[in-house]
Q: 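One structure is given below, represented as structure tokens, and several questions about it will come after.
Residue numbers start from 1 in every chain, and the chains themselves are labelled A, B, ... in the order their sequence lines are given, proteins ahead of strands.
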Amino acid sequence: MPNITLPDGSVRRFEGAVTGTEVAAAIGPGLAKAALAMKVDGRAADLSRSIEADCRVVFVTRRDPEALEMIRHDTAHVLAEAVQSLYPGTQVTIGPSIENGFYYDFARNEPFRPEDFPAIEARMREIVARRAKFVREVWDRDAAIAFFAARGERYKAELIRDLPQSETITIYRQGEWLDLCRGPHMRDTGDIGGAFRLMKVAGAYWRGDHRNAMLTRIYGTAWRDQKELDAHLHQLEEAERRDHRRIGREMDLFHIQEEAVGSIFWHPKGWKLYRTVEEYMRRRLDASGYDEVRTPQLVDRSLWERSGHWEKYREHMFIATVEDEEKTLALKPMNCPCHVQIFRHGLRSYRELPMRMAEFGACHRYEPSGALHGIMRVRGFTQDDAHIFCTEAQIAGETARFVELLRSVYADFGYETFRVKFADRPDTRAGEDAVWDRAEAALREACAMAGVEYELNPGEGAFYGPKLEFVLRDAIGRDWQCGTLQVDFVLPERLDAEYVGEDSARHRPVMLHRAILGSFERFLGILIEQYAGRFPLWLAPVQVVVASIVSDAGEYAEQVAAALRAGGLEARADTRNEKINAKVREHSLAHVPVLAVVGRREAEQRSVALRRLGSDAQEVLGLAEAVALLKSEAEAPDVRRAGR
RNA sequence: GCCGGCGUAGCUCAGGGGUAGAGCAACUGAUUCGUAAUCAGUAGGUCCGCGGUUCAAUUCCGCGCGCCGGCACCA
């Protein structure tokens with residue numbers, strides 16, 4: 001005799017077990033029609049499940065976030081059925097819902113191609129139109145394994161074999177077709193609707209392990225209705241327009257070419273942007289108690305052997321040799337061992353701690369070819385790197401201090417929110433477990449102190465210590481680690497860093513590896529996408545273009561540009577023999593934030609007509625006044641704060 | 001690195017076993033114009049590279065390189 005509590009607090013009493021469908025029907029025909037699934041005491045379940053005990057029930061309708069997930073999951077099942085009916089012999093594996101859609105991994109000798117999509121989609125629509133009921137069945141474990149094995153579904157058989165013994169083995173049928181699945185599902189395939197589309201094919205390793213077979217994955221997107229699908233497709237197009245590779249070319253910021261794969265040719269405008277960011281970071285670090293250093297590019301392999309990098313990362317290091325010398329050198333893949341060398345140079349006292357050693361360190365790593373991506377993932381890059389040498393007791397305070405700086409920097413670049421992940425000990429690591437316990441505990445404590453909320457990223461720490469990852473998102477929705485903070489008890493030991501403590505004895509310092517931007521290249525890529533090339537004035541590589549209307553105003557235009565440059569602004573004159581309309585259009589498309597238009601009138605009055613990007617309003621000011629105004633507007637955020 | 005796709009002018013793209021095409025950009029000339037494209041003309045190509053098939057390959061086939069999308073990797 002279950003008492004069922006509904007979200008409005010009302011309680012319904014039933015004589016004996018009832019299904020969700022029956023409960024919904026008892027409440028009203030509207031709900032009976034709209035309910036797709038339910039949550040029993042917070043756990044999602046099929047409407048067909050029977051309820052025997054007292055519980056709280058919430059029905060899931062199409063508008064609920066859970067519904068979207070179910071639509072996607074159900075669509076994945078329909079995709080699998082369609083594929084198996086069209087391509088016999090294809091094995092099914094797994095097919096979850098993901099952000100914006102779903103995928104399904106198939107095992108098939110010949111990978112799918114986008115040309116296969118129309119046929120598959122057509123079959124999927126047939127299956128949806130059939131409105132086949134999703135039917136849940138509980139199977140005996142061994143029977144299930146035998147069943148799938150007999151069908152040649154060895155991946156499914158393996159999945160079931162590896163499920164914990166406590167797990168109930170459930171099968172979902174949709175008409176003739178069935179799949180191993182935890183569920184839940186909606187009522188029938190018709191609930192999916194028609195707002196889905198197959199998007200792309202990709203290879204994917206079975207169980208995400210590169211030693212396993214490569215499966216063929218089909219990605220799709222699915223939504224509640226056509227309008228949502230259209231909006232999503234439109235957003236993808238918009239994202240493509242923001243792509244930093246496209247904007248980099250259009251704005252003439254940088255290029256990459258075959259002779260230097262993974263390294264960037266920065267063009268004048270791109271380098272101007274880079275320098276603006278670098279100078280900003282240098283001011284912030286100077287003001288935050290860091291000391292900047294510079295260390296060698298080429299370092300003998302013996303140092304990398306001592307640090308442990310040679311053993312673990314040798315395959316990913318660029319090695320340099322010279323004919324006359326026997327030495328083997330490596331282009332530095334990171335800066336920390338070099339920074340330890342500076343720390344070790346001379347006897348250190350506890351009074352010097354914490355020592356914050358910063359370097360805009362140019363590093364090279366031989367990244368796998370498939371990992372390269374525009375300027376976001378490259379082989380030659382520069383980190384805004386620093387190492388904080390401190391005592392164990394100083395970890396929490398230094399972490400809090402760092403997070404505060406990072407937040408402020410991100411806010412200055414327009415990022416008010418970002419994600420933080422806590423990556424703990426990986427399987428292969430250096431250092432004793434006891435050391436890891438201390439390092440992880442110290443970092444957790446530091447997060448609490450700094451008020452940092454994080455999600456766990458298990459097993460993803462660096463080989464020498466746990467880390468915080470500060471994650472930003474690009475235009476296409478991909479996440480990139482930018483900032484990081486890593487607690488390291490191992491390297492100081494390996495490279496024998498020590499200081500003299502208050503007790504006159506020698507002690508090991510702790511190292512905090514930390515970066516805010518991560519690499520300039522990656523951060524600039526994300527920044528370009530975030531602003532879609534329309535940078536705020538302080539970052540814009542060309543801040544003002546002075547456009548003359550007639551050739552008589554050409555000389556004055558040059559004077560205006562010179563005056564702006566004298567004021568520290570990046571300004572150029574456009575005195576070409578073009579109509580003002582053409583100039584406005586061109587420089588607007590080039591995302592120049594401010595246009596200063598000058599004709600005969602302005603030349604006579606020694607004034608300028610300012611026009612801001614994104615507005616067609618004109619503001620006529622005297623030249624000196626305009627320079628002062630723009631100069632103040634173009635101040636970097638930290639400079640402005642200091643000036644107040 | 002693995003799976004799939006792609007590689008034609010500076011850019012965006014069309015084409016196709018036998019003289020390589022457009023728009024924009026560039027260049028030259030005319031035009032001197034008030035806030036998102038003035039007009040006319042000119043020039044521009046190892047059709048990614050190497051090999052093969054063929055009387056003939058940019059086109060078909062193979063290999064390589066690069067790029068794109070995923071997967072794996074990311075000190």
Q: In whole angstroms, how far is the C1' atom of B/G70 from the NZ atom of A/Lys200?
A: 7 Å
Q: Between B/U28 and B/U12, how far apart are the two C1' atoms, rounded to whole Å?
A: 25 Å
Q: B/G1, OP1 or OP2 - any side-chain N/O from A/Ser369 closer than 4.0 Å?
A: yes
Q: What is the distance from CZ of A/Arg377 to C1' of B/G69, rounded to the nearest Å?
A: 16 Å
Q: Mind checking if A/Tyr103 touches a base, just sugar-phosphate, or nothing, with heavy atoms under 4.0 Å?
A: nothing
Q: When only distance counts, do a donor and an acceptor, one from the side chain of A/Tyr205 and one from the base of B/G70, lie under 3.5 Å apart?
A: no
Q: In whole angstrom, give me the gap between the P atoms of B/U53 and B/U59.
A: 15 Å
Q: Please determine, by modelled atom types, if A/Gln84 and A/Glu153 share a side-chain donor-acceptor pair under 3.5 angstrom.
A: yes
Q: Closest-nucleotide mapping onto RNA chain B: is A/Arg601 or A/Lys312 further toward the 5' terminus? I mean the 5' end.
A: A/Arg601
Q: With a 3.5 Å cut-off and no angle check, do the side chains of A/Thr295 and A/Glu359 form a donor-acceptor pair?
A: yes
Q: How close or far is atom P of B/G70 from atom CZ of A/Phe102, stated in whole angstroms?
A: 16 Å
Q: Could you tell me whether the phosphate oxygens of B/G69, OP1 or OP2, come under 4.0 Å of any side-chain nitrogen or oxygen in A/His373?
A: yes
Q: Let me see the working for A/His387 and A/Phe343 under ring-ring contact (aromatic ring centres under 6.0 Å, His included), right down to the final yes or no.
A: CA-CA 10 Å; A/His387 295 91; A/Phe343 183 87; over 10 Å; no
Q: Output the residues of residues 209-223 of chain A in contact with RNA chain B, where contact means a heavy atom of the residue under 4.0 Å from an atom of the strand; sort by number or write none.
A: A/His210, A/Met214, A/Arg217, A/Tyr219
Q: Using both distances under 3.5 Å as the test, list the Watson-Crick or G-U wobble partner of B/A36, or none.
A: none
Q: Would you indicate, yes or no, if B/A36 has its OP1 or OP2 atom less than 4.0 angstrom from a side-chain nitrogen or oxygen of A/Asn581?
A: yes
Q: At less than 4.0 Å, is any side-chain N or O atom of A/Arg249 found next to OP1 or OP2 of B/U12? Yes or no.
A: yes
Q: Can you check whether A/Arg245 has a side-chain N or O nearer than 4.0 Å to OP1 or OP2 of B/G69?
A: yes
Q: Looking only at atom P, what distance separates B/G15 and B/C60, rounded to whole Å?
A: 13 Å
Q: Tell me the partner of B/G62, counting only Watson-Crick (N1-N3 plus N6-O4 or O6-N4) or G-U wobble (N1-O2 and O6-N3) with both under 3.5 Å; none if nothing fits.
A: B/C50
Q: Within the structure, does a side-chain N or O atom of A/Arg611 lie under 4.0 Å from either OP1 or OP2 of B/A36?
A: yes
Q: Can you tell me, in whole Å, how much space there is between the P of B/G17 and that of B/A30?
A: 46 Å
Q: In this structure, how many angstroms lie between the C1' atom of B/U32 and the NZ atom of A/Lys579, rounded?
A: 10 Å
Q: Nearest to the side chain of A/Val261, which nucleotide is it out of B/G4, B/C67, B/C74?
A: B/C67
Q: Would the A/Tyr531 and A/His591 ring centres measure less than 6.0 Å apart?
A: no
Q: Counting only heavy atoms not in A/Gln559 (residues, nucleotides, ligands), do more than 12 fall under 6.0 Å from its CD?
A: yes
Q: If we take the P atom in both B/A25 and B/C6, what is their distance in whole Å?
A: 31 Å
Q: Heavy atoms under 4.0 Å, any strand shown: does A/Ala202 hit a base, just sugar-phosphate, or nothing?
A: base
Q: Would you call the rings of A/Tyr366 and A/Phe318 parallel, tilted or perpendicular if under 30° counts as parallel and over 60° as perpendicular?
A: perpendicular
Q: Base, sugar-phosphate or nothing for A/Ile549? Non-hydrogen atoms, less than 4.0 Å.
A: base
Q: Return the value, rounded to whole Å, for the distance between atom CD of A/Gln257 and atom C1' of B/G66.
A: 12 Å
Q: Can A/Asp252 and A/Lys269 be said to form a salt bridge (Lys or Arg N to Asp or Glu O under 4.0 Å), step by step?
A: CA-CA 7 Å; A/Asp252 194 19; A/Lys269 286 181 205 163; 5.0 Å; no
Q: Could you tell me whether the phosphate oxygens of B/G70, OP1 or OP2, come under 4.0 Å of any side-chain nitrogen or oxygen in A/Arg478?
A: yes
Q: Which residue, A/Arg377, A/Arg379, A/Arg522, forms the salt bridge (Lys or Arg N to Asp or Glu O under 4.0 Å) with A/Glu367?
A: A/Arg377
Q: Would you tell me if any nitrogen or oxygen in the side chain of A/Lys467 comes within less than 4.0 Å of OP1 or OP2 on B/A75?
A: yes
Q: Please state whether the phosphate of B/C33, meaning OP1 or OP2, lies under 4.0 angstrom from any side-chain nitrogen or oxygen of A/Arg600.
A: yes
Q: Which part of the nucleic acid, if any, lies within contact of A/Ala371, taking any heavy atom under 4.0 Å across all strands shown: a base, the sugar-phosphate backbone alone, or nothing?
A: base
Q: Rounded off to whole Å, could you give me the CD-to-C1' distance for the A/Gln605 and B/G34 pair?
A: 13 Å
Q: Identify whether any heavy atom of A/Glu602 sits under 4.0 Å from a base atom; if not, whether one sits that close to sugar-phosphate; answer base, sugar-phosphate or nothing.
A: base
Q: Which nucleotide, if any, forms a Watson-Crick or G-U wobble pair with B/G23, using both distances under 3.5 Å?
A: B/C11
Q: Rounding to an integer number of angstrom, what distance separates B/G1 and B/C27 when you compare their P atoms?
A: 41 Å
Q: Would you mind classifying the nucleic acid contact of A/Glu250 as base, sugar-phosphate or nothing, using non-hydrogen atoms under 4.0 angstrom?
A: nothing
Q: Sort out the partner of B/C71 for me: Watson-Crick or G-U wobble, both distances under 3.5 Å, none otherwise.
A: B/G1
Q: What's the gap between B/U8 and B/A14 when it is taken at their C1' atoms, as a whole Å value?
A: 10 Å
Q: For a quick check, tell me whether the side chain of A/Glu258 and the base of B/G49 share a donor-acceptor pair closer than 3.5 Å.
A: no
Q: Specify the separation, in whole Å, of atom CE of A/Met376 and atom P of B/C68.
A: 11 Å
Q: Who is the Watson-Crick or G-U wobble partner of B/G18, with both distances under 3.5 Å?
A: B/C55
Q: Using the rule given for ring-ring contact (aromatic ring centres under 6.0 Å, His included), can you reason through A/Tyr104 versus A/Phe106, listing the C-alpha separation, both sets of side-chain angles and the distance that settles it, and then say yes or no?
A: CA-CA 6 Å; A/Tyr104 209 109; A/Phe106 300 98; 4.9 Å; yes
Q: Taking the basic N atoms (NZ, or NE/NH1/NH2) and the acidic carboxylate oxygens, is any pair closer than 4.0 Å for A/Arg241 and A/Glu238?
A: yes
Q: Using atom P in both nucleotides, what's the gap between B/A57 and B/G51 to the nearest angstrom?
A: 12 Å
Q: Let me spell it out: for each of A/Asp243 and A/Pro111, pick the nucleotide of RNA chain B with the closest heavy atom. Which residue's pick is nearer the 5' end?
A: A/Pro111
Q: Are any of the side-chain nitrogens in A/Arg508 or A/Asp496 under 4.0 Å away from the carboxylate oxygens of its partner?
A: yes
Q: Whole angstroms only, please: what is the CZ-C1' distance between A/Arg576 and B/C27?
A: 14 Å
